[in-house]
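What follows is a single structure, written as structure tokens, with notes after it.
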Amino acid sequence: MRFLSALAALSLTLTGGAVASAPALAGGAPSIGTSATGSGGAVVTVDKTATAAGLEVLRRGGNAVDAAVAAAATLGVTEPFASGIGGGGFFVYYDARKHSVSTIDGRETGPATMTETYFVNPATGLPYAFDEARVSGLSVGVPGTLATWEAAARAWGTRSLSSALRTAADVADRGYTVDAEFRRQVTENAAAFGQFDATKALYLPNGLPPEVGTTIRNPDLANTYRLIAKQGTTAFYQGAIARDLLNTVHAPAVSTSPTTAWAYPIRPGTLTASDLASYRVRTPAPTTSDYRGLTVYGMNTPSSGGTTVGEALNILESSLPASATDLEKVHQYLEASALAFADRGRYIGANTSPDVVKRLLSNEWGAQRACRIDPDKALVKPVAPGDLVAGGCAAPAASVSPDTGMSTTNLTVTDRWGNVVEYTLTLEQFGGNGMVLPGRGFMLNNELTDFNFTGTQGTAADPNLPGPGKRPRSSMSPTIVLKNGQPYLAVGSPGGSTIITTVLEIIYNRVDRGMTLQQAMAAPRGAQRNTAGIQAEPSFHTLYGPELTALGHAFAADAAEIGAATSIEFTGHGSVIAVAEPVRRGGGAAAVVHPAG
Ligand code: GLU
């Protein structure tokens, strides 16, 4: 549980304790735990303050989009390393009145001048080391988060973006309490953060990560939010904030007294005023696939979330016998995931044609790919992608697409009318490129490092190389599942490319392995992303390791934890089960407007 003092501050703010214009809490202090059942709407995020902000909007008659924007704006304050207006994300929306699912692609975009060799050092002809690329002006894409909030609020909301920003600004002024997870995120990034005075001033008091229990206030971010609330998002994309952002990208303000040495030069980037001013969200149709009578809606390209989750489910639908034991189910989940990841690496990027997306999500393709699964023996990884001409069972040479990053944040919201928002947003790494924009209080993304720096597909084309004005491939997988045309499940998670496996695993656990949603969320996680070894949580490794190893699976080093998901299950007549992580990332925050019982 994080940021109790911020929650108190929000309550104070909302009760008008210190801010004259603030409204009163509509129904007393909210009850927020790691899961909640009830009706009237629900909010699940990783953070109590953000969940409380969203819930308050619902209680006051706002809809799911209003609440999602309020929660996201608050996360930009209290979870500043995983999200914020310096980043981007993907927003999936189910409209209960229209019975339709829409999406907003608020992915960061590269400069119009970006070339395929953008991340290749011209002096050496070699790609930059990841951290060299990350902590630079080069890695910063045009942020899409603010434009996403504005587009969502305009298209489907009933409240202004300004009101959400003003409420979150009050949280930034009052401050929030550092917990162990926050301190961990700073500690892991202390070297990068320590290169920049503005970041040091906020997050490295006395040059060290903040102590648990101390309060962080961010008046610069409060002022930034209020400026945007007043002037509109043009302040960000064309006005004073745009100017500051470009100055920092072009000449990163490297500290003359860094807290520690940094191994690389901190390079400038080439974004231009016109790159910022011309940024627009996209609104692609969601990906859709059928799975055991359910319809799965996901995020289309440039995310690989929708295609990879959908394809893996199709493979499982085709390959898994009704009589499968639980071990067989786990084995097949890992195999289906590896096969879908192989296709992701070969075929998915910002410019993938809709025909290819359709093909990869067809039942026919799933059945063809399933032909490679041996129920008694694990495939040797990496497996090859399927051949779009010869068929999914035929395979060109294998190749692996590397991936890094375990940060990001996610939220799930529904309202009394049955609208649903599933929204994943990020800066890429925790703390993005390490730079707080001086005087503005938010961190810049390093999303462009989600491009492959050089080709990963051997002699075949790599769909995820940099290009002019291109958006890097993502793994973000905000997913809404319908049953008989009505919402059944909404789920999403952070975690780099393990986002895909986490979302897949939760759906699979719930639908195929007979778990409740709480069990499906809590269950040990293992990720097979078409790499030599499974990356697993220690509990997954302990539970299944011996039997999976006997089948021929290999394990890479364990990850302490995978993902930090949020989810809601719809149980009919307006009732929901809202579930956050019970333990991962310090435990999340779920609440419903009218708790059951
Ligand atoms: N940048 C990653 C993506 O878009 C997400 C990073 C993370 O979750 O750690 O796929």
Side-chain angles (χ1 to χ4, degrees), residues 45-46 75 79-84 86-92 103-110 119 130-131 133-134 139-145 148 181 184-185 188-189 192 282 298-309 340-341 344-345 348-350 401-411 422-434 443-453 463-464 466 470-479 491-504 525 527 529 535 559-566 581 584-585:
T45 79
V46 299
L75 285 171
E79 254 229 325
F81 309 131
S83 67
F90 296 99
F91 192 105
V92 179
T103 78
I104 300 174
D105 159 12
R107 187 67 161 167
E108 297 90 331
T109 301
F119 285 115
F130 180 78
D131 271 343
R134 173 198 169 189
S139 64
V140 182
V142 180
T145 289
T148 302
E181 173 61 23
R184 188 189 67 75
Q185 291 176 17
E188 278 185 2
N189 291 285
R282 298 172 61 252
M299 196 62 224
N300 216 321
T301 57
S303 185
S304 57
T307 54
T308 315
V309 170
F341 262 86
R344 166 189 183 270
I348 300 298
S401 159
D403 236 305
T404 53
M406 295 293 280
S407 62
T408 307
T409 197
N410 190 81
L411 55 96
E422 189 60 51
Y423 182 29
T424 316
L425 60 167
T426 188
L427 299 174
E428 212 300 285
Q429 295 287 295
F430 276 126
N433 79 344
M443 301 200 79
L444 300 179
N445 71 82
N446 68 296
E447 212 70 52
L448 299 186
T449 61
D450 269 0
F451 284 115
N452 292 335
F453 292 6
N464 190 36
K470 196 173 171 185
R471 299 181 180 200
R473 180 174 63 210
S474 170
S475 299
M476 290 190 267
S477 310
T479 304
V491 59
S493 177
S497 57
T498 66
I499 292 171
I500 291 169
T501 58
T502 295
V503 169
L504 173 62
R525 293 185 186 144
R529 294 166 289 166
Q535 188 179 40
E561 58 182 42
I562 296 177
T566 68
E581 292 287 355
R584 295 178 184 96
R585 214 182 268 189

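Counting starts at 1 for both ligands and their atoms, following the listed order.
Which parts of ligand 1 touch Met476 is read off a 4.0 Å heavy-atom cut-off, strictly below it: atoms 4 (O), 10 (O). Heavy-atom contacts of Ser475 reach the following atoms of ligand 1: 3 (C), 4 (O), 10 (O) (cutoff under 4.0 Å). For ligand 1, the atoms lying closer than 4.0 Å to a non-hydrogen atom of Glu447 are 1 (N), 2 (C), 4 (O). Atoms of ligand 1 lying under 4.0 Å from at least one heavy atom of Gly496, given by number and element, are 6 (C), 7 (C), 8 (O), 9 (O).
When heavy-atom distances to ligand 1 are checked against a 4.0 Å cut-off, Arg473 has no atom that comes that close, whether in backbone or side chain. At a 4.0 Å heavy-atom cut-off, ligand 1 touches Arg107 through the side chain alone.
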- Message: side-chain hydrogen bond (donor to acceptor under 3.5 Å, both in side chains), that's the test. Do Asn410 and Ser493 meet it? Break it down for me.
- Response: CA-CA 5 Å; Asn410 190 81; Ser493 177; over 6 Å; no
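Inter-residue side-chain proximity for Val140 and Asn445 is flagged as met; some heavy-atom pair is nearer than 4.5 Å. Using a 4.5 Å heavy-atom cutoff, the side chains of Val46 and Leu75 are in contact. Side-chain contact check for Phe90 versus Asp105: some heavy-atom pair is nearer than 4.5 Å. Between Met299 and Ser474, every side-chain heavy-atom pair lies at or beyond the 4.5 Å cut-off.
For ligand 1, one of its N or O atoms has an N or O atom of Gly495 under 3.5 Å away. Here's the thing with Ile499: none of its N/O atoms is less than 3.5 angstrom from an N/O atom of ligand 1. Geometrically, ligand 1 and Thr426 share no nitrogen or oxygen pair separated by less than 3.5 Å.
The closest side-chain donor-acceptor pair between Thr408 and Thr426 falls under 3.5 angstrom.
Counting all heavy atoms, side chain and backbone alike, Pro472 lies closest to Asp450 at CB-CB, 3.7 Å.
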